[in-house]
Amino acid sequence: MQKNGLQKAYNPQEVEDKWYEYWMKNGYFYANVNPTKKPYTIVMPPPNITGMLTLGHVLNNTIQDIYIRWKRMQGYEACWIPGTDHAGIATQNVVEKVLAKEGLRREDLGREKFLERVWQWKEEYGNTIIKQLKKLGVSCDWKREKFTMDEDLSNAVKEVFIRLYEKGLIYRGKYIVNWCPRCHTALADDEVEYKEQTGKLWYIKYPIENSNEFITVATTRPETMLGDTAVAVNPKDERYKHLVGKFAILPLVGRKLPIIADETVDIEFGTGAVKVTPAHDPNDYLIALKHNLEFVLAMDTHAKMNENVPEKYRGLDRYEARKEVVKDLEKQGYLLKVEDYTHSVGRCYRCDTVIEPYLSDQWFVKMKPLAEKALQVVLDGKIKFYPEKWVKVYEHWMRNVRDWCISRQIWWGHRIPVYYCDDCGEIMVEREAPKSCKKCGSSKIRQDEDVLDTWFSSWLWPFSTLGWPKDNEDLRYFYPTDLLVTGPDIIFFWVARMIMAGLEFMGEIPFKEVYFTSIIRDEFGRKMSKSLGNSPDPLDVIQEYGADALRFTIVYLAPLGQDILFSTKKCEIGRNFANKIWNAGRFLLMNIKDIELNDEIKFEYLDLADRWILSEFNKTIIELNRALETYRINDATRAIYDFLWHDFCDWYIEIIKERIYSQNSIDEKIALLSRATYIFEESLKLLHPFMPFITEEIWQKLRPRKEGDSIMIQPYPTADEQWIDESASKNMRFIQDIIAAVRAIRAEMNVPHTKQCDVLISVSDENKQTLINEHSHYIKKLAKVKDVTIGSNIVRPKFSASAVISGDEIFVPLEDLIDINVEKKRLEKEIQRFEEMLAETERKLSDQNFISRAPKEIVERERQKYENFKTTLEKLRQNYAYLIE
RNA sequence: GGGCGGUUAGCUCAGUUGGUUUAGAGCGCCACCCUUACAAGGUGGAGGUCAGAGGUUCGAAUCCUCUACCGCCCACCA
């Protein structure tokens, strides 16, 4: 420890947990109905209970926390509702894996015992990700934490099912669904991932009945031929016209297949003739309905060939069956040829097993009526998407929406509230399980075995978490929510459906704005994935760099809508920034420890640098708030980063050091330090939503604070435009340029930093003379200069280096230190640079079109540039001439 | 097949409605510096025909068209 009580380098591990506990203890995260305040609500996209914290979550939740903290400081009743999702298939898979280690299958336990095990697992591990999130500093209202299978949320699910059913928007139907033979359930269309795969295209000859002819079909899945019930050709296809209406004989099976004409058949593809397998292909299914074909289900739910196929194939897995079928076809002379073929194959998004299109009974939601309204509110701008490009994607999907298959043949999830009477077949959709059949009175009642798709609970999340279907104050106050932050990959799964549900059940949009986060990739642009091992554990990153550093870095790197290329090492950006702030804090603390700050006089004794920093500070506030309002989060981080590091630390602190250590009056010192402390404190507030821990730590140390005080409940700074001072900016810039020029000369001439030099400035403008005169102490201090001489007709000293700053000359006498060759090179380069720029402005100004058509101010600016470049160039040439004398 | 992004310094990216930018920053690189807030730092420097071609315009990194490469999404795939 140092004497001032702050270590030299910031150590996040020592402070982060402490402040999180402090905030929790003081209840700052909680939100309550408060009529005197405007609400600001965010519902957290509920992570899966099987989940571990990923960088995706970090980005997502950091953004939400930034907005919640920002709005909270702005005086809103900020409510961030957290929770978790039961993740039906994923969780069931995880628990089944655990069971497998004990040599058990879920069927061994039975439904009830199995569900007990899942709940047990949930109690033990389901909150892992929530615990991990807290390390990030998220300020959620933990009293409101929800789980999609909580009793009240389950009631909401049931209520929604019943209402939609009664409205005729839920129906049961036979349909080809995407069946995962591994998870043993149907999947929604968007739960299937298509991946390119090299396979084969088999050409199979089907003999025509009572003829020597054959019709050849091409297929990528020969085993499905065992379920063929027709052959289809295009009605316009001359090759096959004579066969339509006749029958083909299915090899290996012997079934008679009608040859039908259907215009969906592509003449160009394969042979132009298609085998039709209605029970195992969605297109074939549609053809079959049109033509009244037979349906032959050739597989069971495990994708093994079933009793509807010839005996020798029964019980074979679909891939074994394929081998056998191909072998037999070849043996019997039906296989014409085999080609290599690349096509995309649907796979289960949970377990990657190849999907089997499968004819079965499922429950569906009619989407068209829901989608129309949900599209409209986005097109109307009632819900805004950031970035906007997702509106188009959304529109395309909503216009082509298909019914949503909501039943899943698993055990973990919300059971479908449908009951069947075993005696009369009556279907009852009820809130409570009926004891007897409404129609026949039988007590042989059986509940539907299936559960609902996980998204059938999450699409209610923005209002089910607030207590719906019960009408209550929370719901009326906090709904609709303000912002949703989520990944674009679930725009259809979740975002679209929440909008539908919000409009349908609340009669109002569920959120006003949606921020679609970037996708995080590794430094080579590859997706983060477990199998590549390129996904760092955020907890390790937090351990190494600190949560603030991780938070800051990840949003600093995240331009709206662009992918982020992340590597752990990049967190140095945030860590170094944290350290910089830490040390600025140390500097102030060292200097204020023996004085009494006085905010009454913080705007007194203002000099140029003070007016300049106040101006820059207020500009930063405006820029930062504007950037956050338009979701340009990385611009916001840049604004505060540049201000604190470059304006405040590099220039302002360096400049005020001289005044702090000088013999100025004590009042002036107090005013100066009060001002510097004030600007720094306000900057910490600006930064707080991004880096909550370090800003709290320093803020608490900067002045004595009362127990319970916190930076997180301070008002967010607003700009005071009276401080924006363009002339201070301009004058400061001029002084800074002079300092930079002298520094450059010193560096290039290798003037030892211990040696002071003199500077002569030749400037004719009297105002500028005064300006330099009044601020020569800045130049002396920051460029290590002994004497500054100002005059309108300064004679260039021998052995001096020179520079030209906006037309005025600077000389630095160097005596023996000057290296003529270096100086010549410097000047040559500078001359060349100005020659080029002069030529460019000259070209423009001699262009009549430019003069006549460009706006006056632009032409005038160009003229000024021209004059400036010309005098600068003259002076540079003069100085160069002296050198070669 | 349809749609949407991206391409700016060795690397990662800013660059808002075309002219206040003499195309910037961070990292990396080179030189000097442990100057009493900070070497996780300071100062200075090198490094760019803004992917290519054409067009609109007095003026294009910025707007339009085409091309190339990279990446995403959707649909179809017998």
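Here is the naming used below: chain letters follow the sequence lines, and residue numbers restart at 1 for every chain.
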A:K8 side-chain proximity, nearest of B:G19, B:C74, B:A39: B:A39
Residue met sooner reading RNA chain B from 5', once A:Y661 and A:R221 are mapped to nucleotides: A:Y661
Sugar-phosphate only, base, or nothing, as touched by A:N591 at under 4.0 Å among non-hydrogen atoms: nothing
Derivation of the side-chain hydrogen bond (donor to acceptor under 3.5 Å, both in side chains) call for A:T224 and A:K275: CA-CA 9 Å; A:T224 61; A:K275 62 193 263 317; 2.7 Å; yes
Whether A:R746 side chain and A:P752 backbone form a donor-acceptor pair below 3.5 Å: yes
Nucleotide of B:G19, B:A40, B:C74 approaching A:N576 most closely (side-chain heavy atoms): B:A40
Residue whose nearest RNA chain B nucleotide is more 5′ - A:R861 or A:R843: A:R861
Sugar-phosphate, base or nothing in reach of A:R833, heavy atoms under 4.0 Å: base
Salt-bridge criterion met for A:K870 and A:E867 (N-O under 4.0 Å): no
Sugar-phosphate, base or nothing in reach of A:H646, heavy atoms under 4.0 Å: sugar-phosphate
Whole-Å distance separating the CG atom of A:D284 from the C1' atom of B:C76: 14 Å
Inter-residue atom distance A:E726.CD - A:R733.CZ, 0.5 Å rounding: 13.0 Å
Of the listed nucleotides B:U43, B:U22, B:A37, the one nearest the side chain of A:C649: B:A37
A:K784 side-chain proximity, nearest of B:A37, B:A14, B:U35: B:U35
Sugar-phosphate, base or nothing in reach of A:W645, heavy atoms under 4.0 Å: sugar-phosphate
Touch class at under 4.0 angstrom, heavy-atom based, for A:A744 against every strand present: sugar-phosphate
Integer angstrom distance from the P of B:C66 to that of B:C4: 11 Å
Sugar-phosphate only, base, or nothing, as touched by A:V751 at under 4.0 Å among non-hydrogen atoms: nothing
Nearest to side-chain heavy atoms of A:A747, which nucleotide of B:G44, B:A40, B:G19: B:G44
Selected nucleotide, minimal atom distance to A:N750 side chain, candidates B:A40, B:C74, B:A31: B:A31
N-O pairing of A:E658 and A:K781 below 4.0 Å: no
Sugar-phosphate, base or nothing in reach of A:L201, heavy atoms under 4.0 Å: sugar-phosphate
Listed nucleotide nearest any side-chain atom of A:I573, set B:G42, B:G26, B:G19: B:G26
Candidates B:C74, B:A75, B:U43 - which lies nearest the side chain of A:F492: B:C74
Sugar-phosphate only, base, or nothing, as touched by A:K580 at under 4.0 Å among non-hydrogen atoms: base
Polar pair under 3.5 Å, donor/acceptor by atom type, side chain A:R743, base B:U43: no
Worked check of side-chain hydrogen bond (donor to acceptor under 3.5 Å, both in side chains) between A:Q832 and A:E828: CA-CA 6 Å; A:Q832 198 195 342; A:E828 277 164 11; over 6 Å; no
Options B:G15, B:G5, B:G44, nucleotide nearest the side-chain atoms of A:D635: B:G15
Pair A:E823-A:R826, salt bridge (Lys or Arg N to Asp or Glu O under 4.0 Å): steps then yes or no: CA-CA 5 Å; A:E823 178 66 359; A:R826 275 187 67 240; 2.6 Å; yes
Distance test, side-chain N/O of A:K392 to OP1/OP2 of B:C4, below 4.0 Å: yes
For B:U36, the Watson-Crick or wobble counterpart (both distances under 3.5 Å): none
Sugar-phosphate, base or nothing in reach of A:F869, heavy atoms under 4.0 Å: nothing
Sugar-phosphate, base or nothing in reach of A:P855, heavy atoms under 4.0 Å: base
Sugar-phosphate, base or nothing in reach of A:K657, heavy atoms under 4.0 Å: base
Side chain of A:K865 - closest among B:G5, B:A40, B:U22: B:U22
Sugar-phosphate only, base, or nothing, as touched by A:E748 at under 4.0 Å among non-hydrogen atoms: sugar-phosphate
Donor/acceptor link under 3.5 angstrom from A:E654 side chain onto base of B:A37: yes
